[in-house]
Asks: 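Sharing a structure here in structure tokens format.
The sequence lines fix the lettering, A, B, ..., with proteins before strands; numbering per chain opens at 1.
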There are 2 protein chains.
Amino acid sequence: MKMEDHSFLKSETIENVSRIFKVLADPTRIKILYLLSQEECNVNHIAEVLEMSQSAVSHQLSMLRNLRLVKYRREGKTLFYSCDDEHVISLLKQAIDHSEHH
Amino acid sequence: MKMEDHSFLKSETIENVSRIFKVLADPTRIKILYLLSQEECNVNHIAEVLEMSQSAVSHQLSMLRNLRLVKYRREGKTLFYSCDDEHVISLLKQAIDHSEHH
DNA sequence: ATTATATATGAGCATATGTTCATATGTATG
DNA sequence: CATACATATGAACATATGCTCATATATAAT
């Protein structure tokens with residue numbers, strides 16, 4: 001195949017795709033997203049269930065928020081987080097499914 | 001939801017999933033895998049098309065080989081690489097598709 | 001055997017990433 | 001307003017990652 005016959009990816013596309021997969025590449029974020037795909041959770045609950053510090057969870061949620069992968073609603077002092085990107089959850093669940101059945 | 005009612009992921013699953021996404025999280029590997037999904041390529045061809053050093057390409061191919069995501073065949077001095085994991089290519093193409101249509 | 005070409009690999013380096021620790025912010029309650 | 005609780009955030013640190021440079025290995029041709 002000649003150089004000029006390749007279908008190249010736009011660099012913007014490559015950056016976007018890389019960004020999505022970077023999020024999903026970390027075990028902690030996999031756990032958080034999987035948990036949030038099952039139920040809305042407050043921060044402390046996530047920290048307890050996943051046995052992580054409140055700070056570590058909050059930092060990760062901050063990142064997921066910036067990337068619009070999660071959203072939250074406030075109830076008094078408590079913030080309830082949930083998933084806000086079905087496509088990313090779909091990619092995650094496919095990878096989980098594949099890993100568990102091979 | 002109570003602690004004991006969660007469906008947790010096995011740590012082995014989490015590690016596997018993380019490993020898959022780590023591979024796909026790097027722009028260089030995205031380009032290599034996408035190129036190889038289109039055609040079988042030798043190392044120098046990849047380096048030229050992607051404007052990378054031979055060494056950098058070879059290091060990445062070494063990683064992709066170890067993870068069984070690519071395979072190769074020899075023809076004289078030349079090694080021709082191709083994809084060896086349809087599922088990973090499928091995840092990649094879905095992410096590309098999503099990125100390009102949103 | 002020597003030389004050329006194709007690819008692989010190890011060491012070193014710069015940058016990115018995820019955590020902890022300390023502290024700040026925001027909200028309800030006495 | 002003072003205190004407690006829930007969450008956020010900045011700095012520092014340790015580890016991981018991807019590249020370059022130099023060199024090694026493998027194959028073919030002379």
Asks: Are A:Tyr34 and B:Ile14 side-chain neighbours, meaning at least one heavy-atom pair lies under 4.5 Å?
Replies: no

Asks: Taking side chain as C-beta onward, heavy atoms only, is B:Cys83 less than 4.5 Å from B:Leu36?
Replies: yes

Asks: Side-chain donor-acceptor pairs under 3.5 Å in residues 67-80 of chain B, sequence neighbours left out?
Replies:
residue, atom, partner, partner atom, Å
B:Arg73, NE, B:Glu40, OE1, 3.4
B:Arg73, NE, B:Glu40, OE2, 2.7
B:Arg73, NH1, B:Glu75, OE1, 2.6
B:Arg73, NH2, B:Glu40, OE1, 2.8
B:Arg74, NH1, B:Gly76, O, 3.1

Asks: Below 4.0 Å from chain B heavy atoms, what is the first contacting nucleotide of DNA chain D and what is the last?
Replies: D:dT17 to D:dA28

Asks: Please, which pairs that meet salt bridge (charged side-chain N to carboxylate O under 4.0 Å, His left out) have at least one residue in residues 19-34 of chain B, sequence neighbours excluded?
Replies: none

Asks: Taking only heavy atoms on the protein side, list every residue of residues 61-84 of chain A lying under 4.0 Å from any atom of DNA chain C, sorted numerically.
Replies: A:Arg74, A:Gly76, A:Lys77

Asks: A side-chain contact here means heavy atoms from C-beta on lying under 4.5 Å apart; do A:Ser37 and A:Leu33 qualify?
Replies: no

Asks: Determine whether B:His45 and B:Glu39 make a side-chain contact, defined as any pair of heavy atoms from C-beta on separated by less than 4.5 Å.
Replies: yes

Asks: Could you check whether A:Ser53 gets within reach of a base, just the sugar-phosphate, or nothing at all, counting any heavy atom under 4.0 Å?
Replies: sugar-phosphate

Asks: Is the shortest heavy-atom distance from the side chain of B:Leu50 to the side chain of B:Thr28 under 4.5 Å?
Replies: no

Asks: In chain order, what residues pass the ring pair (Phe, Tyr, Trp, His ring centres under 6.0 Å) check against B:His98, with sequence neighbours excluded?
Replies: A:His87, B:His102

Asks: Quick one: side chain to side chain contact (heavy atoms under 4.5 Å, CB included) partners of A:Asn44, sequence neighbours excluded?
Replies: A:Asn42, A:Glu48, A:Gln54

Asks: Going by side-chain hydrogen bond (donor to acceptor under 3.5 Å, both in side chains), name the residues that satisfy it together with A:Thr13, two or more places apart in sequence or in a different chain.
Replies: none

Asks: Under 4.0 Å, heavy atom to any atom of DNA chain D: which of residues 19-31 of chain B qualify?
Replies: B:Lys22, B:Asp26, B:Thr28, B:Arg29

Asks: For DNA chain C, note the earliest and the latest nucleotide, 5' to 3', having some atom under 4.0 Å of a heavy atom belonging to chain A.
Replies: C:dT17 to C:dA28

Asks: Under the side-chain hydrogen bond (donor to acceptor under 3.5 Å, both in side chains) rule, collect the residues that match up with A:Ser58, sequence neighbours excluded.
Replies: none

Asks: Could you list the residues that satisfy side chain to side chain contact (heavy atoms under 4.5 Å, CB included) with B:Ile20, not counting sequence neighbours?
Replies: B:Leu24, B:Val88, B:Leu91

